[in-house]
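These numbers were taken from a predicted model, which means no experiment stands behind them.
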Amino acid sequence: MTSDTPRSEAVREAGLAAVPAAIADLGALVRIPSIAFPGFDRGEVERSAEAVKGLLDGLDLFDRVEIKTATVAETGEEGMPAVLASRAARNGRPTILLYAHHDVQPVGDEELWETPPFEPTIRDGRIYGRGAADDKAGIMAHVGALRAITEVLGSEFDLGVNIFFEGEEEAGSASFAQFLSDNADALRADVIVVADSGNWDATTPALTVSLRGNVRFTLDIETLDHASHSGMFGGAVPDAMLATVRLLNSLWDEEGAVAVAGLRHRDAETPAYTEETLRDEAGLPAEVSPIGRDSILSRIWNKPSITVTGIDAPSVRNASNTLSPKTTVVISSRIAPGQEAREAFEAIEAHLREHAPFGAKLTFRDVDFGDPFLVDTTGWAVAQARTALASGYGVDPVDIGVGGSIPFIADLVREFPAAQILVTGVEDPHARAHSPNESLHIETFRNALVSEALLLESLDATVL
């Protein structure tokens, strides 16, 4: 860690002073149920975009601030509203693109929430609510850092700043690639900060240097032309549930590791991480064993996983003595860095077709791909980010992989191949993003905001 200059110390103090207002504005954003999934009110996503635009207008920094959409190429439908802002660099300074998303996951079973999901609640040093961490806190870290840097530097702030606050990340970023293409000139940057990841723990910052990709698809398994009486034909006729159970079981070996030929893994060292830590962070009870082989983090960061995330079959309530003709499942697979998502899907599809029991008919549909990502850690912006994180948190950052996926980063790399991409975050391992009782650790947020303000100050002092 390096000592602060008088200018950076002033930025640090301004960043700390900006935290209370940023928390208050975060609470206002959390109150808007901006769920971009089909079947939810698009108007709430539009209301969220307007609120975010208002925050950027209040900075009095940008040449323009707009709410824009793009067309989804596959369907011709209008995508969800994103907030776009830009201001040109001056005096040879670089340009930074700040990304976050203002849409959120559905809340799931509201009975599992200790407080209402869209009523931000502060307790035990955390603010609870859907989107409090993922990713409206990312928006407020950006906004708070900009408030701090402009307060200190004012008209002397020469860094170019572009903003892209997306409105459909949780729903799959269907219009993302088209949006980038439509607005490439307004978004082009030397450095891109994606504030949608996490940290090593609540007090130790992290720079995400690898992300698994993802493949998601719906699979229909059919064995009968119509439902039949289980007493009259059971024991001679395979029902769809029997075929489904047998088929899905083939995806893993006895230790729970993925058993699909053609799915690759990445050989890379991982930091020490104990089973006790895994149990604490994941909520794994003592009587349930972990799955897989080798170090725990290698399983999460560098190996594939397959999860059945949904199933349509007769419910317990509606169960009858019937042989079901058809079962539908949703399968989500995480792909190791270094393998293309489409190649991985082809391996999974081939495995399922080969292992389909009793001649069951398989139909694959709604296939979605997201490629993995590996950061080039040799760039000058990476070094500046590490210095800013160390100064902002008071602890040296850790390079981490993430088992989750941010598929649109592949689009950023394709559209802006010369840009250095920094994947940061405001979450700690107990944030429970996507789950009931999602929350943001306020101290972590404070340190993240200050760190980003220090990064902006450092970049503003850089002449290309």
Side-chain angles (χ1 to χ4, degrees), residues 1-23 93-100 125 133 137-154 156-161 189-209 271 375-400 420-429 440-464:
M1 288 180 286
T2 59
S3 59
D4 289 336
T5 65
R7 192 173 92 152
S8 62
E9 185 56 39
V11 170
R12 176 195 301 280
E13 293 302 318
L16 291 171
V19 171
I23 291 293
R93 266 50 175 192
T95 295
I96 188 170
L97 170 62
L98 302 177
Y99 170 92
I139 288 176
M140 290 316 307
H142 289 326
V143 171
L146 289 170
R147 286 171 176 169
I149 194 74
T150 53
E151 178 181 332
V152 174
L153 299 187
E156 297 180 1
F157 184 47
D158 290 331
L159 183 68
V161 181
D190 303 290
V191 180
I192 300 174
V193 176
V194 177
D196 193 20
S197 188
N199 292 292
W200 180 251
D201 57 33
T203 58
T204 306
L207 196 64
T208 299
V209 299
V375 173
D376 178 0
T377 59
T378 62
W380 52 267
V382 175
Q384 292 191 30
R386 286 180 174 142
T387 299
L389 287 167
S391 182
Y393 281 78
V395 179
D396 285 336
V398 177
D399 286 357
I400 65 170
Q420 299 180 64
I421 299 180
L422 309 175
V423 183
T424 65
V426 296
E427 298 176 22
D428 74 301
L440 174 73
H441 189 248
I442 294 174
E443 181 183 356
T444 304
F445 175 77
R446 180 196 68 194
N447 292 337
L449 189 159
V450 171
S451 296
E452 184 165 312
L454 292 170
L455 174 61
L456 294 176
E457 187 271 331
S458 177
L459 293 173
D460 183 70
T462 300
V463 178
L464 297 181

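- Considering every non-hydrogen atom in both A381 and Q420, the closest pair reads N-OE1, 3.0 Å.
- Of all heavy-atom pairs spanning D376 and T378, the tightest one is OD1-OG1, 2.6 Å.
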Next on the checklist: Go through it in stages, so that I can follow the logic: the residues are V193 and V423, the test is side chain to side chain contact (heavy atoms under 4.5 Å, CB included), and I'd like the CA-CA distance, side-chain angles, deciding distance and then a yes or no.
Outcome noted: CA-CA 6 Å; V193 176; V423 183; over 6 Å; no
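- The shortest side-chain heavy-atom distance between I400 and V209 does not fall under the 4.5 Å cut-off.
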Next on the checklist: D201 vs D428, test: side chain to side chain contact (heavy atoms under 4.5 Å, CB included). Steps then yes/no.
Outcome noted: CA-CA 5 Å; D201 57 33; D428 74 301; 6.0 Å; no
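- Residues meeting the side-chain contact (heavy atoms from CB on, under 4.5 Å) test with A100, sequence neighbours left out: D135, I139, H142, F165.
- A distance of 8.5 Å separates CG in L153 from CG in D158, rounded to the nearest 0.5 Å.
- With contacts defined as side-chain heavy-atom distances shorter than 4.5 Å, the pair L422/V382 qualifies.
- Heavy-atom minimum distance, L459 versus R93: O-CG, 4.3 Å.
- Salt bridge R7/D460: present, at least one basic N to carboxylate O contact under 4.0 Å.
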Item to check | Trace of the side-chain hydrogen bond (donor to acceptor under 3.5 Å, both in side chains) decision for T444 with N447 | outcome: CA-CA 5 Å; T444 304; N447 292 337; 5.9 Å; no
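- The minimum heavy-atom distance linking V426 with A448 is given by the pair CG1-CB, 3.8 Å.
- Between T424 and V194, every side-chain heavy-atom pair lies at or beyond the 4.5 Å cut-off.
- Contact annotation: the side chain of L464 approaches that of D190 to within less than 4.5 Å [non-hydrogen atoms, C-beta and beyond].
- For the atom pair OG1 of T377 and CG of L207, the computed distance is 8.5 Å after rounding to the nearest 0.5 Å.
- At a threshold of 4.0 Å, the pair R386-D399 counts as salt-bridged, since one of the basic side-chain nitrogens sits closer than that to a carboxylate oxygen.
- Using a 4.5 Å cut-off on side-chain heavy atoms (C-beta onward), P205 and W200 make no contact.
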Run the side-chain donor-acceptor check on residues 10-20: report pairs under 3.5 Å with partners two or more places apart or on a different chain.
from	atom 1	to	atom 2	distance (Å)
R12	NE	D4	OD2	2.9
R12	NE	E9	OE1	3.4
R12	NH1	S391	O	3.1
R12	NH2	D4	OD1	3.4
R12	NH2	D4	OD2	2.5
R12	NH2	S391	O	3.4
R12	NH2	S391	OG	2.5

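- In this structure, the separation between CD1 on I149 and CD on E452 is 10.5 Å, given to the nearest 0.5 Å.
- Taking each heavy atom of P429 and A202 in turn, the nearest pair found is CD-N, 4.3 Å.
- Contact of the T208 side chain with the V375 side chain is not registered, since no non-hydrogen atoms from C-beta on lie closer than 4.5 Å.
- The structure places CG of D396 at 9.0 Å from OG1 of T387, a figure rounded to the nearest 0.5 Å.
- Between T462 and W380, the closest side-chain pair of non-hydrogen atoms falls below 4.5 Å.
- Rounded to the nearest 0.5 Å, atoms CD (E457) and CG (L159) are 10.5 Å apart.
- Within the 4.5 Å cutoff, side-chain heavy atoms of N199 are placed close to those of Y393.
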Item to check | side-chain hydrogen bond (donor to acceptor under 3.5 Å, both in side chains) evaluation trace for Q384 with S458 | outcome: CA-CA 7 Å; Q384 292 191 30; S458 177; 2.6 Å; yes
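- When all heavy atoms of A145 and A453 are compared, the closest pair comes out as CB-N, 3.6 Å.
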